[in-house]
Structure formats: structure tokens, C-alpha cells
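Written out below as C-alpha cells is the structure these notes cover.
Note that the structure is predicted; figures quoted are calculated from it, not measured. These values consider heavy atoms only, across backbone and side chains, with no hydrogens, waters or symmetry-generated copies. Chain identifiers are assigned alphabetically (A, B, ...) following the order of the sequence lines, protein sequences preceding nucleic acid strands; residue numbering begins at 1 within each chain.
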2 protein chains.
Amino acid sequence: MTPLLRILLVDDHTLFRSGLKALLQRQADLEVIGEAADGLEGVKKAEQLKPDIVLLDLDMPVMNGRDALAQMLVSQPELAVLMLTVSEDGEDLAECMKTGARGYLLKNINADFLLDSIRRAVDGDSVLSPEMTAKLVARLRTPIPVAPQSELDSLTPRERETLSHLARGGSNKEIARALDLAESTVKVHVQNILRKLGISSRVQAAVYAVEHGLEKL
Amino acid sequence: MTPLLRILLVDDHTLFRSGLKALLQRQADLEVIGEAADGLEGVKKAEQLKPDIVLLDLDMPVMNGRDALAQMLVSQPELAVLMLTVSEDGEDLAECMKTGARGYLLKNINADFLLDSIRRAVDGDSVLSPEMTAKLVARLRTPIPVAPQSELDSLTPRERETLSHLARGGSNKEIARALDLAESTVKVHVQNILRKLGISSRVQAAVYAVEHGLEKL
DNA sequence: TCGGCAATCCGCCAAAAGGAGGAGGCGTTA
DNA sequence: TAACGCCTCCTCCTTTTGGCGGATTGCCGA
């Protein structure tokens, strides 16, 4: 016999979960082992129950599906997660698949397609709603323009220099040595960087620097 | 009744065409109106016969499927063309879909999937073999190869989770709140992360996380 | 010439991080 | 059973940060 596939349902609509559960339980090889009504609860249940697959809604209170997905994959990178949502947004799709969702299904799919998708996802395949396949292909045709130059220009040259050293992990004292400054001066620069970037810790500043290709300066 | 879907088969294997034709003709709503054994011939027939959909092989003499696809779309931009091939190469897939193929199917698919795909493609949907969906998604993820696992898998799940929060700029206290832990526990995790990654500050850890695509997790 | 700004420093303070040790629980594996 | 790794938490300690408040110099443009 085929091993039982243990399923976790995460969706904030109780009725939707109930219906889905009834539908899935009719299959001999499927078992719903848990439910959650928001992302945070979903992450916890995924951790506790170690399901074979998670059906995850996108739009939920407390923690949305995207973040929940990310959290689940941190502790269980091989977990099969199928997004099950109403969002036909190509951005949502791309984000989820990039993050590592095993599939992205719209709630308008029929039962057979869902069942088939569940089994395929557990086997390691990626599955998409037909409509979303088209969106993904469209994305392929228009890569992504992106080129945001930003509040980075509001930084003074010295501040940028300080930031680049900061992003390499130096302490204020080390940065001061490297730039031949007093530590107090470096602290002032760091303060200004934080204020201008609207953040509150040097760690965030470092991440910002890396994401803007500033760490190599 | 549903209108007849007029199909053109382009494949250099005669036997494959025969079999496919027999299969398709069994469907009341499908009709094979023409065949071609190479890309050039395929382009001509597509021009003459104005089919609703073309099933097009990739590897063919005289003119390959990619070029034939491009040619067909010049004169009939709205023509539905399904690539039907043995190539599981992600490059082939991406090229064909960029050029404008309506779908990319491997020859190992079953009949039902093919019939379903034909009807969906004519309706304007994009269709992919399940295996190729995974390849496309993988392409989406390429910016972050994730591949260089390295020291990263020396981290325990909890440490990875801690690291991902750290990379978002959270203080130990905030991470503790997020993970529902004591701050002291988070400090232990951070210490272990620093030791395992061979670095000496949380800033470096955050940078490492970002460069390894772990910050969104 | 004056105001603004970048850049350089001070001191002070509370909070956070880094580092070392120990310790109990829990599950897997030898 | 014992050993091991992981997770959890603790204390005690030093160093680093973040966040104030100043201050001085020099440059540039209105």
C-alpha cells in the first residue's frame, strides 16, 4: 500500500478548511493531521507535526503565508508547501516560488487537480495552476527592469565609506583605525547612517549595504 | 457542439506522428489536418493550413523546432504552438517560451495530459510538463543559487532560524520574542553561529546570511 | 558675510552584544 | 546503557552599541 501522506492545512477560513479536510479525507492515502488559522500558528504546527505537505493560504492575519512559508523552510528545507490562494498576482507567485514553495495553486482549481498536485508536490515536482503558469512564462519574457537608486545618495561620501566598512563586519574601533579617525567620529557617522536610512541597528545597515552592492567599495 | 480543433503535427519521426495522429483522431473535437517531417516544411504547412494548434518537435533536420517556432509566429503571432520534445534542458525550455511557445511538453507525458494541454493551449493558457515547471521555477531562483551549501548546513535548524532573524536586524531580545525563547538561548545560538561560520560579529553573520539567500527565510 | 553642511572630535549613559562557564532535558545512535 | 548532539536556560563579566548632548574647523553657495 502507499504510505499515508500527512497534511497540514493553514487557512484563516474555518469553513474552507472544513470542506477541504472532508475532501482530502475521502482519499485513502491522504490524512489531514492538523489545521491552523493563521501563519504563526501554521509555522508552529509544521514544526510540531512534521507533515509531509502543507497547504498554505497567502492572505491571513497575524502572519501572512509568504512569511510563514519562509519560516517553515528555515527549519525544514525539504518540506513540501503548496500555496493555495486567490491571489493571481504574478509578484506573489514569484516571491513564493523563489522562497521555495513547491507549488502555487488558485482556489478555483477542481478537486482532482488538487489531489494530483499534492501527490506530485510530495514527489518533489513543482506544480502551478494553469493560469499561473502563464504568469510565470510572462515573467520569463520580461525579466525585471529594477534599478532603484535610493536614499543611498543622501549619504555623504564619508558615511558611505563608513557604511562599507561596517558591512564588512568591523567594529567602530576597527573602522576608525581603517579610516584613521577617532572612534567617536565613526560613531557619529554610524548614527547619521542609521537616521538617514530609517533603521535602528548596524546590522540592518550592513544588510542594506550588501543589497545595494556597497560592501565591496 | 464544440468546434473542431485543427491540428498540425511537426516531427521527423514518421512512426511517432502516426501514433500521435491515431491518438488524436479518437477525440471527436480534434482533427489532424496536416503533418510535416522537418521545421521548414512545418512552417510552410502552418502558413497554408492555418491550424488552430501546432505540435512541434525540437530536434529536427533542415530547420530545428526553435527556429520553426519563431518563423511561424512571425506570420501568425496568435498561433498556439506546443513544443513536444525529449529535451529536458532548461535552456531549450526558456528559449521556446520566450520566443512565444504556448507550452513545452516532454514526450513522456500520458495521453490525457496531452489532450488536456492541447485544449488549454488553444484557450490561451500556457502549459508545461510537470518536470519542466520545476526547471522554470529553478530559473526563477537562479539569482540566488543557494547551491554553495558549505558551512551553512553545519548550522542546526534552530541556528538557521536564528540567523535569518538576525539578518533582518533583530536584537537578541527581539529574536527571542519572535521564536518564543529566552534571550539567553538566542545568545547561545548566536555564539554557535559565529563559531561555526568562523566569524566574530553578528554583522558578519547577517552579511553571510544575505549573501547566501537566507535573510528572507 | 552669513548660513548650512560635512567632518572631526568630546563626554556621558543605558542597553545590547560578546564571551565563558555550567546544567538539565530529550532523542538518536552506538 | 552510555555517549552524543541539540535545545533550552542560567550567571557573571567585559566590551560594544546606540543615543543623547555638546564643540570646532573648513568649505561652498546665496
Side-chain angles (χ1 to χ4, degrees), chain A residues 43-50 71-79 151-209 214 217, chain B residues 149 151-209 214 217:
Chain A
V43 171
K44 284 183 184 163
K45 293 245 171 149
E47 191 101 24
Q48 294 161 6
L49 303 173
K50 306 285 180 194
Q71 284 299 313
M72 289 177 188
L73 291 179
V74 171
S75 47
Q76 301 172 76
E78 295 307 311
L79 180 61
E151 60 272 79
L152 210 158
D153 329 288
S154 73
L155 297 186
T156 67
R158 212 51 168 159
E159 284 161 359
R160 274 196 288 272
E161 208 170 351
T162 303
L163 178 53
S164 110
H165 279 87
L166 192 162
R168 291 207 276 278
S171 67
N172 290 337
K173 195 175 293 182
E174 288 169 333
I175 297 172
R177 241 199 318 274
L179 298 181
D180 194 27
L181 290 175
E183 186 185 345
S184 58
T185 306
V186 175
K187 289 185 72 173
V188 172
H189 287 320
V190 172
Q191 292 278 344
N192 289 335
I193 291 168
L194 297 186
R195 184 174 40 74
K196 289 183 180 178
L197 297 185
I199 55 184
S200 56
S201 84
R202 61 170 44 230
V203 173
Q204 289 165 4
V207 170
Y208 178 95
L214 207 63
L217 295 185
Chain B
Q149 287 299 52
E151 315 98 312
L152 211 158
D153 36 39
S154 73
L155 297 185
T156 67
R158 214 52 169 159
E159 286 161 359
R160 274 196 292 272
E161 211 167 349
T162 302
L163 178 53
S164 103
H165 279 88
L166 192 163
R168 290 208 279 279
S171 67
N172 290 337
K173 195 175 294 183
E174 287 168 334
I175 297 172
R177 246 200 312 277
L179 298 182
D180 194 26
L181 291 175
E183 185 186 348
S184 58
T185 304
V186 174
K187 289 185 77 170
V188 172
H189 286 319
V190 172
Q191 292 278 345
N192 289 334
I193 291 168
L194 297 185
R195 185 175 39 76
K196 288 183 180 179
L197 297 185
I199 55 184
S200 56
S201 83
R202 61 170 40 228
V203 174
Q204 289 166 6
V207 170
Y208 178 96
L214 206 63
L217 300 188

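- In summary, A/E161 and A/R158 engage in a salt bridge, as defined by a charged side-chain N under 4.0 Å from a carboxylate O.
- To the nearest 0.5 Å, atom CD1 of residue A/I199 and atom CD of residue A/Q204 are 5.5 Å apart.
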Polar-atom pairs under 3.5 Å, protein N or O versus N or O of nucleotides 25-28 of chain D: list them with distances, or write none.
none

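- Rounding to whole angstrom units, CG of residue B/L194 and C1' of C/dA16 are separated by 14 Å.
- Put simply, B/K173 has no side-chain N or O that comes within less than 4.0 Å of OP1 or OP2 on C/dA15.
- When rounded to the nearest whole Å, the span between CG of A/N172 and P of C/dA17 equals 14 Å.
- A/L166 places its CG atom 15 Å from the P atom of D/dT16, with the value rounded to the nearest Å.
- Checked by atom type and distance alone, the side chain of A/Q76 pairs as donor or acceptor with a backbone atom of A/A46 at under 3.5 Å.
- Atom NZ in A/K187 sits 12.0 Å away from atom CD1 in A/I175 (nearest 0.5 Å).
- The CD-C1' distance, from A/E47 to D/dC6, rounds to 13 Å in whole Å.
- Atom CD of A/Q204 and atom P of C/dA16 are 14 Å apart (whole Å).
- The NZ atom of B/K196 lies 13.0 Å from the CD atom of B/Q191; values are rounded to the nearest 0.5 Å.
- Nearest heavy atoms, B/A205 versus B/L194: CB-CD2, 4.2 Å.
- Counting non-hydrogen atoms of neighbouring residues, nucleotides and ligands closer than 6.0 angstrom, the CD atom of A/E78 reaches no more than 12 such neighbours.
- Note: CD1 (B/I175) to P (D/dT8) measures 13 Å, nearest angstrom.
- As a whole-Å value, the separation of A/E174 CD from C/dG18 P is 12 Å.
- Atom CZ of A/R202 and atom OG of B/S201 lie 8.0 Å apart (nearest 0.5 Å).
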Can you pull every protein N or O that's under 3.5 Å from an N or O on nucleotides 4-11 of chain C?
residue : atom : partner : partner atom : Å
C/dA7   : OP1  : A/R158  : N            : 3.2
C/dA7   : OP2  : A/T156  : OG1          : 2.2
C/dT8   : OP1  : A/R158  : NE           : 2.9
C/dT8   : OP1  : A/R158  : NH2          : 2.9
C/dT8   : OP2  : A/R158  : NE           : 3.2
C/dT8   : OP2  : A/H189  : NE2          : 2.9
C/dC9   : OP2  : A/A182  : N            : 2.6
C/dC9   : OP2  : A/T185  : OG1          : 3.1
C/dC9   : O5'  : A/T185  : OG1          : 3.3
C/dC10  : OP2  : A/S184  : OG           : 3.2

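- Note: CD (B/Q191) to C1' (D/dT11) measures 14 Å, nearest angstrom.
- For the pair B/H165 and B/V186, the minimum side-chain heavy-atom distance is 4.5 Å or more.
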